[in-house]
Q: 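Here you go, one structure.
In what follows, chains carry the letters A, B, and so on, assigned in the order in which the sequence lines appear, proteins first and then strands, with residues in each chain numbered from 1.
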Amino acid sequence: MVLRLYDSLDGGLRDFEPLVPGEVGMYVCGPTVQSSPHIGHLRSALVYDLWRRWFGYRGYRVTLVRNVTDIDDKILGNARPAPAADGAQTAGEVWWALAYRYELEFTAAYTALGVQAPTYEPRATASVTQMQEIIARLIERGHAYPAPDGSGDVYFDTASWPGYGRLTRQAAADMVAAEDADPRGKRDPRDFALWKGRKDDEPESASWPSPWGPGRPGWHIECSAMSARYLGAQFDIHGGGLDLRFPHHENELAQSTAAGDAFARYWVHNGLVNVGGQKMSKSLGNSLYAADFLSMARPVVVRYYLAAAHYRSVLDYHDGALEEAEAALDRVETFLDRAARRLAGTRFAAERPGQVPDAFAAALDDDLSTPEAFAVLHDTVRAGNAALDDEDLDGAAERRAEVSAMTQILGIDPTSPEWRSRPDEPVRIALAALVERRIADRQSARAGRDFALADAIRAELAEAGITLEDSPTGTHWSIDAE
RNA sequence: GGUGGAGUGGCCGAGAGGCGAGGCAGCGGCCUGCAAAGCCGUAUACGCGGGUUCGAAUCCCGUCUCCACCUCCA
């Protein structure tokens with residue numbers, strides 16, 4: 001079976017053929033660490049985590065590079081201004097401290113969501129030499145020019161590159177220049193900065209020496225440099241949020257190819273997250289930050305929610321969505337739990353190494369169709385429950401193995417230690433002793449047909465947050481999901 | 001103005017010419033002392049108007065509405 005993915009450059013589904021057999025090189029635009037991560041950042045990271053896991057399951061060795069943009073106008077803008085001429089320090093946080101603080105927030109959010117660390121996570125500030133090398137090549141080839149205004153800026157000459165606009169299928173003539181664009185030394189308003197000469201109010205620490213004067217890199221060149229540095233001049237997949245298609249990815253593509261690099265062979269873009277039908281924005285005040293979102297439900301539920309929609313669709317968050325995800329995931333958990341209890345002590349007790357059902361694999365092979373994959377997961381859960389009802393233990397064990405395999409790939413295996421809040425063993429043991437005693441009391445009440453007492457005990461435990469379930473093999477108790 | 005995308009049952013959300021994905025909620029049933037969990041059943045769904053076809057949510061034409069991007073937002 002061939003893996004297919006939707007290539008934004010091509011505008012259609014394409015069979016994936018790796019550059020090097022058995023390997024996948026994937027570059028994903030990470031965040032600019034200028035403010036706290038929001039739900040959209042979570043989704044983006046999760047999407048590429050899922051791609052990576054699936055490629056891995058399909059036998060590829062995946063090199064995933066996700067950068068951190070740690071130097072940028074907004075970072076400088078959000079940090080304190082440069083020291084005054086007399087050397088007096090101004091109040092506030094220095095830009096690199098601010099960038100690092102937010103980087104740590106991103107890392108914490110990704111970890112909480114079960115996003116595996118990429119193979120490497122380069123910071124833009126560590127590849128300035130590589131950026132300058134590309135800029136020099138562009139100037140040499142006649143596709144970039146230092147601004148004649150003495151600003152120290154270097155611009156990409158869009159008019160010199162016929163392929164400009166290819167990724168977003170736009171004709172240069174149709175592009176509308178932003179009203180607030182600062183023309184500075186540009187030949188054409190569409191030209192974009194490769195290098196930004198240092199301005200007087202910018203801190204010395206945010207400036208690097210260059211052949212064009214001290215300054216710092218433009219945003220787009222960062223990704224061109226880092227992808228080539230870690231994955232090579234040509235690599236398999238370039239990913240990022242749909243909002244980055246233009247100008248960021250268009251510019252990356254133009255500058256890398258104009259510099260002579262073959263660049264990405266496939267472009268993958270994830271859909272954005274809206275809140276209440278609208279794009280998140282600071283002015284609307286509807287931004288949903290990662291930390292808040294992750295506290296609204298168990299992280300594995302958040303992951304389920306974000307992974308259940310197709311990665312290219314717009315995901316519109318609305319109230320109640322996490323409750324639905326919770327209910328859906330509970331079905332899976334309940335089955336695994338139920339199967340484990342029923343199979344314990346039988347010859348099917350040991351977990352078998354699971355194979356995912358063919359339909360599940362086919363779904364993910366088809367442009368990572370997680371919605372269909374989740375449908376297969378639920379079908380399998382139902383079949384497993386039915387097997388348990390029929391006392392078909394072999395079938396139940398088989399379904400359990402499949403469910404485990406699927407949830408592991410999706411990163412939502414409820415039994416995985418990463419989702420377990422550390423149980424306080426002594427407390428658990430003590431609680432178990434007390435609860436089981438009440439259950440025994442209830443059993444004798446039931447045996448004596450004193451259902452009023454039995455129900456009272458059940459209600460008493462429910463009050464304490466403990467749910468009882470009777471089954472032919474005994475009464476099972478569980479603590480309600482926290 | 002340009003480019004790309006979307007409108008599916010009470011809700012979420014797939015699919016893309018012919019068997020009504022899946023989840024949540026609802027209803028009926030089985031099971032249960034009663035529950036819970038589970039299982040089985042249950043929907044005249046595809047923005048609107050035409051057309052092509054034996055057959056259209058899926059193709060074509062028209063039309064309405066919404067969203068994203070168009071120089072630095074994942």
Q: Let's test your reading of the model: under 3.5 Å, does the base of B:C39 pair with the side chain of A:Arg382 as donor and acceptor?
A: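 There is none.
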Q: Expressed as a whole number of Å, how far does the C1' atom of B:G13 sit from that of B:G7?
A: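 Those two atoms are separated by 13 Å.
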Q: The side chain of A:Asn274 lies closest to which of these nucleotides: B:C39, B:C67, B:C73?
A: B:C67
Q: Under a 3.5 Å limit for both distances, which nucleotide forms a Watson-Crick or G-U wobble pair with B:A57, could you say?
A: none
Q: Atom CG of A:Asp390 to atom C1' of B:C31: distance rounded to whole Å?
A: 12 Å
Q: Please determine if A:Arg187 forms a cation-pi arrangement with A:Tyr145, meaning its NZ or CZ atom is less than 6.0 Å from the six-membered ring centre and no more than 45° off the ring axis.
A: yes
Q: Considering only side-chain heavy atoms of A:Thr467, which listed nucleotide, B:G23, B:G33, B:A36, is closest?
A: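 Selected nucleotide (nearest to the side chain): B:A36.
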Q: Nearest whole angstrom, please: distance from the P of B:C72 to the NZ of A:Lys196.
A: 9 Å
Q: Given B:A14, B:U71, B:G22, which nucleotide is nearest the side-chain atoms of A:His378?
A: B:G22
Q: Decide yes or no, distance alone: a donor-acceptor N/O pair under 3.5 angstrom between the base of B:C73 and the side-chain of A:Lys279.
A: yes
Q: Under 4.0 Å between any heavy atoms, over every strand shown, what does A:His318 touch: base, sugar-phosphate, or nothing? Just pick one.
A: sugar-phosphate
Q: Distance-only, no hydrogens or angles: does the A:Tyr102 side chain make a donor-acceptor pair with backbone N or O of A:Pro37 under 3.5 Å?
A: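 Checking the backbone N and O of A:Pro37 against the side chain of A:Tyr102, no donor-acceptor pair under 3.5 Å is found.
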Q: Is the NZ or CZ atom of A:Arg312 both under 6.0 Å from the centre of the six-membered ring of A:Tyr6 and within 45° of that ring's axis?
A: yes
Q: Answer with base, sugar-phosphate or nothing: what part of the nucleic acid does A:Arg216 contact at a heavy-atom distance below 4.0 Å?
A: nothing
Q: A:Arg341 CZ to B:G38 C1': how many Å, rounded?
A: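 Answer to the nearest Å: 11 Å.
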Q: Would you sort out whether A:Gln170 and A:Thr168 count as a side chain to side chain donor-acceptor pair (under 3.5 Å), showing the intermediate values?
A: CA-CA 5 Å; A:Gln170 297 183 94; A:Thr168 47; 2.8 Å; yes
Q: From CD1 of A:Ile75 over to C1' of B:C72, roughly how many Å is that when rounded to an integer?
A: 12 Å
Q: For the side chain of A:Ser313, starting at C-beta, report the closest nucleotide among B:C73, B:A14, B:G22.
A: B:A14
Q: Do any side-chain nitrogens or oxygens of A:Arg43 fall under 4.0 Å of OP1 or OP2 in B:C73?
A: no
Q: Using the C1' atom in both, what is the distance from B:G23 to B:C70, to the nearest Å?
A: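 One C1' to the other, the span is 37 Å.
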Q: Using only heavy-atom distances, decide whether a donor-acceptor pair under 3.5 angstrom links the side-chain of A:Arg458 to the base of B:A35.
A: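 Answer yes: a donor N or O sits under 3.5 Å from an acceptor.
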Q: I need the CG-P distance between A:Leu322 and B:C11, as an integer number of Å.
A: 20 Å
Q: For B:A43 and B:C11, measure between their C1' atoms and round to the nearest Å.
A: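 Approximately 14 Å lies between the C1' atom of B:A43 and that of B:C11.
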Q: Hey, does A:Leu272 reach any base, or is it just sugar-phosphate, or nothing, if we go heavy atoms under 4.0 Å?
A: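 Touches a base.
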Q: For B:A57 and B:U52, measure between their C1' atoms and round to the nearest Å.
A: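 Looking at atom C1' only, B:A57 and B:U52 are 16 Å apart.
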Q: Can you tell me which nucleotide in B:A74, B:A37, B:U71 comes closest to the side chain of A:Met280?
A: B:A74
Q: Take atom CG of A:Asp319 and atom P of B:C11, then tell me their distance rounded to the nearest Å.
A: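 Going from A:Asp319 (CG) to B:C11 (P), I get 16 Å.
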Q: Using a cut-off of 4.0 Å on non-hydrogen atoms, how would the nucleic acid contact of A:Ala321 be classed: base, sugar-phosphate, or nothing?
A: nothing
Q: If you assign each of A:Gln170 and A:His38 to its closest nucleotide in RNA chain B, which residue comes earlier from the 5' end?
A: A:Gln170
Q: Name the one of A:Leu13, A:Ile237, A:Asp366, A:Leu368 that satisfies side-chain contact (heavy atoms from CB on, under 4.5 Å) with A:Leu5?
A: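 That would be A:Ile237; it is the only one of A:Leu13, A:Ile237, A:Asp366, A:Leu368 passing the side-chain contact (heavy atoms from CB on, under 4.5 Å) with A:Leu5.
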Q: Both distances below 3.5 Å, Watson-Crick or wobble geometry, any strand: find the nucleotide opposite B:G22.
A: B:C12
Q: Which whole number of Å gives the distance between the P atom of B:G1 and that of B:U8?
A: 26 Å
Q: Could you pull out the closest heavy-atom pair between A:Asp153 and A:Gly197, with the gap in Å?
A: OD1-N, 2.8 Å
Q: Distance check, P atoms only: B:C72 and B:G17, in whole angstrom units.
A: 41 Å
Q: Looking at every strand, decide which applies to A:Val376 at a 4.0 Å heavy-atom threshold: base, sugar-phosphate, or nothing.
A: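 A:Val376: no heavy atom of the nucleic acid under 4.0 Å.
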Q: With both distances under 3.5 angstrom, what nucleotide forms a Watson-Crick or G-U wobble pair with B:A68?
A: B:U3
Q: Say you pick atom P in B:C34 and the same atom in B:G29; how far apart are they, in whole Å?
A: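 Nearest-Å result for B:C34 against B:G29 at atom P: 14 Å.
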Q: Compare the minimum distances between each of B:G15, B:G38, B:C34 and the side chain of A:Arg446, then state the nucleotide with the smallest one.
A: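 From the listed options, B:C34 comes nearest.
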Q: Would A:Asp413 and A:Thr415 satisfy side chain to side chain donor-acceptor pair (under 3.5 Å), going step by step from the backbone distance to the final call?
A: CA-CA 5 Å; A:Asp413 178 5; A:Thr415 64; 2.8 Å; yes
Q: Identify whether any heavy atom of A:Pro371 sits under 4.0 Å from a base atom; if not, whether one sits that close to sugar-phosphate; answer base, sugar-phosphate or nothing.
A: base
Q: Heavy atoms under 4.0 Å, any strand shown: does A:His310 hit a base, just sugar-phosphate, or nothing?
A: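 Sugar-phosphate contact only.
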Q: Please report the distance separating the C1' of B:C64 from the corresponding atom of B:C48, rounded so that it comes out in whole Å.
A: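 Their C1' atoms lie roughly 7 Å apart.
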Q: Are A:Glu469 and A:Arg338 close enough for a salt bridge, meaning some N to O gap below 4.0 Å?
A: no
Q: Report which part of the nucleic acid A:Ser8 touches: base, sugar-phosphate, or nothing (heavy-atom distance under 4.0 Å, all strands).
A: nothing
Q: Please state whether the rings of A:Trp54 and A:Phe360 are parallel, tilted or perpendicular, taking 30° and 60° as the class boundaries.
A: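 Plane angle over 60°, so perpendicular.
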Q: What's A:Leu468 touching, base or sugar-phosphate or nothing? Going by heavy atoms closer than 4.0 Å.
A: base
Q: Quick one: which of B:C70, B:A74, B:G13 gets closest to the side chain of A:Ala309?
A: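 In terms of side-chain proximity for A:Ala309, the closest of B:C70, B:A74, B:G13 is B:G13.
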Q: So, are A:Lys196 and A:Glu202 salt-bridged, with charged N and O less than 4.0 Å apart?
A: no
Q: Side chain of A:Glu469 only, heavy atoms from C-beta on: which candidate in B:A36, B:C72, B:C73 is closest?
A: B:A36
Q: Nearest to the side chain of A:Leu315 - B:G13, B:C72, B:C24?
A: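 Closest nucleotide among those given: B:G13.
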Q: Let me know, please, whether A:Glu323 or A:Ala454 comes out on the 5' side of the other along RNA chain B by nearest nucleotide.
A: A:Glu323
Q: Applying the Watson-Crick and G-U wobble criteria at under 3.5 Å, what pairs with B:A74? Answer none if nothing qualifies.
A: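 B:A74 is paired with nothing.
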Q: Can you tell me the Watson-Crick or wobble partner of B:C39, both distances under 3.5 angstrom?
A: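 Answer to the pairing question: B:G29, which forms a Watson-Crick or G-U pair with B:C39.
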Q: In whole angstroms, how far is the P atom of B:U3 from the OH atom of A:Tyr164?
A: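 It works out to 17 Å between those atoms.
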Q: Nearest to the A:Tyr6 side chain among B:A36, B:A74, B:G5, which nucleotide is it?
A: B:G5
Q: Please work out if A:Gly40 contacts a base, only the sugar-phosphate, or nothing of the nucleic acid, heavy-atom cut-off 4.0 Å.
A: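 Counting heavy atoms under 4.0 Å across all strands, the contact made by A:Gly40 includes a base.
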Q: Expressed in angstrom and rounded to an integer, what is the separation of A:Phe246 atom CZ from B:A74 atom C1'?
A: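 Atom-to-atom, A:Phe246 to B:A74, this comes out as 18 Å.
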Q: Would you say the base of B:C34 and the side-chain of A:Asp470 have a donor-acceptor pair closer than 3.5 Å?
A: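 Per atom types, the contact qualifies.
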Q: Contact class for A:Asn385 (heavy atom, under 4.0 Å): base, sugar-phosphate, or nothing?
A: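 Contact class for A:Asn385: sugar-phosphate only.
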